[in-house]
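The structure appears right after this line, and notes come after that.
No hydrogens, no waters, no symmetry mates; every other heavy atom, side chains included, goes into these values. Here the structure is a predicted model, which is why all the values come from computation and not from measurement. Every chain is numbered from 1, with letters handed out A, B, ... down the list of sequences.
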Amino acid sequence: MASPNVLTPQAEDFPKWYQDVVAKAEMADNGPVRGTMVIRPYGYAIWERMVAEVDQRIKKTGAQNAYFPLFIPQSYLAREAEHIEGFSPELAVVTIAGGEELAEPIVVRPTSETVIGEYMAKWVQSHRDLPLLLNQWANVVRWELRPRLFLRSSEFLWQEGHTAHASAEDASSYALRIHTEVYNDFLTSILAVPTLLGIKPPSERFAGATNTMTCEGMMRDGKALQMATSHELGQNFAKAFDIVFQNDAGESAHCFTTSWGASTRMVGGLIMAHGDDNGLVVPPRLAPIQVVILPVREGDEAVDAACAQLAATLEANEVRVTLDKGRGSFGRRTTDWEIKGVPLRLEVGPRDLAEGLVTMVRRDTNEKISVALDAVAGAISHALGAMQADMLAAATARRDDRITTVSTVAEAIEASQNGFARLSWSLVTPEIEKQLKGEALTVRCLQRADGSIPLSDTEDGLTCIIAKSY
RNA sequence: CGGGAAGUGGCGCAGCUUGGUAGCGCACCUGGUUUGGGACCAGGGGGCCGCGGGUUCGAAUCCCGCCUUCCCGACCA
């Protein structure tokens, strides 16, 4: 256990705890311009792991990576009325470049539906060109009034997928496939964050979408965080950008498009879904460092040799392992790795070594197990697997404890002070949504009674999740 | 963008009321003793006090403007 005063306890001040973890785990710093973020090597290593896992899943669905420009003509955004209306307040616009006032202002992309739409129109001629499945990893800029590291920064990193299809059904099923096979699978099986899948109410839809799906996660303070999102755009952008194809009967038709994204916000979600008073807890399958080998004292030849041997063995078993430098007190080094959330520590000291043992400690439970030197590889592999499963189970239990099914709006407001309220969607009128807003609450998503994703907000028998959110 | 709080070595803070040129803890460097849950002793280094203006013989301290951060709201991945 970390000594007191390393981090602000969660129960005392959750936002302060979050900042402490971001700083002390060396995840990120504020940038010099308000809302900007410097991602430090450890934070970036975690992001890179997310990128690798998500990218691999995206490619499995058939999408290909490409890259589109940062700068977008302002007129492009204006072509889709809802889109420009939704994004205008958040845009950073370049009006001077090369020392001259520009004839047409250039927008720094807040998202790339518009530029990509322009090129889709160029590239799509026939139904044989469809579906067109594109993805890009990029930075985007949305000027934020209230920034928070990872959760809401004015510039952030993400992946944005953009696809064009011949039919509404094809677009819809692809967006759903991304939602479940890419996002939800990544979130649950790698990030160990259980999700509630649903659609956004019309008031919360992406600007220009006909349907927005969301993966809502619950943080340890009971607030909701949208971890990823997937949109059906209907023919809105196809009409604005003339994305037209000839079908097999030789007739012209507008495509149906989708877009979907997941961002560095997931790093914030990781911190807040799993972190505890001792710091970050990174699930093993995500962790850039899965095991740290920690010599109890420096300069002990037997210990150093055993550490080197263990590192080699684990590397050969494809475990992502780091050898602690052994400088400074044992307690200090232990605490530092604990704050970084490394799943397993292997403590190697002369006492254990004399008996042919090392001590393995799990970050999530602090459970200490003595392991024989020649059994380390197997024990590590087993512990990594167990910890991954236990973290998802624990997060799921915490979440379910905090979801209350209620039957009135007043009860929903009460129940959502410390968690999620589940209420019949039929009780939520636009006036009620306003009332909720006054209580700092929003409808996070709509679900069918069985928790599955509805096709539309007008289906009968839907429930909604009401919560505070980040 | 509105309402609150705050910016002083890397981090956390004191000093400001009653102007006189900066201090503490942690971190850092050197040496030694240590090392099984944030070690100890000794000796060191580092700050034009967020930025810009003003008042004054003199400003961390008083006045004005701006920037940044945090909390609460409206907007959002």
Counting Watson-Crick and G-U wobble pairs only, both distances under 3.5 Å, name the nucleotide matched with [N], or none.
N     : value
B/C57 : B/G20
B/U34 : none
B/A5  : B/U69

On the nucleotide [N], are OP1 or OP2 found under 4.0 Å from the side-chain N or O atoms that [X] carries?
X      : N     : answer
A/K437 : B/G73 : no
A/Q19  : B/U69 : no
A/R297 : B/U35 : yes

Atom-pair distance (CG on A/D277; C1' on B/G37), nearest Å: 16 Å
Residue closer to the 5' end of RNA chain B, A/L157 versus A/T334 (nearest nucleotide): A/T334
hbond_proxy A/T359 side chain to B/G36 base (donor-acceptor, 3.5 Å cutoff): yes
B/G23 to B/U30 separation - C1' atoms, rounded to the nearest Å: 24 Å
Ring centroids of A/F330 and B/G36 base under 5.5 Å with planes under 30°: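 Not stacked by the 5.5 Å and 30° rule.
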Ring centers of A/F237, A/H83 separated by less than 6.0 Å: yes
Pair A/H231 + A/F206: ring centers closer than 6.0 Å: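 Yes, they do, as the ring centres are separated by less than 6.0 Å.
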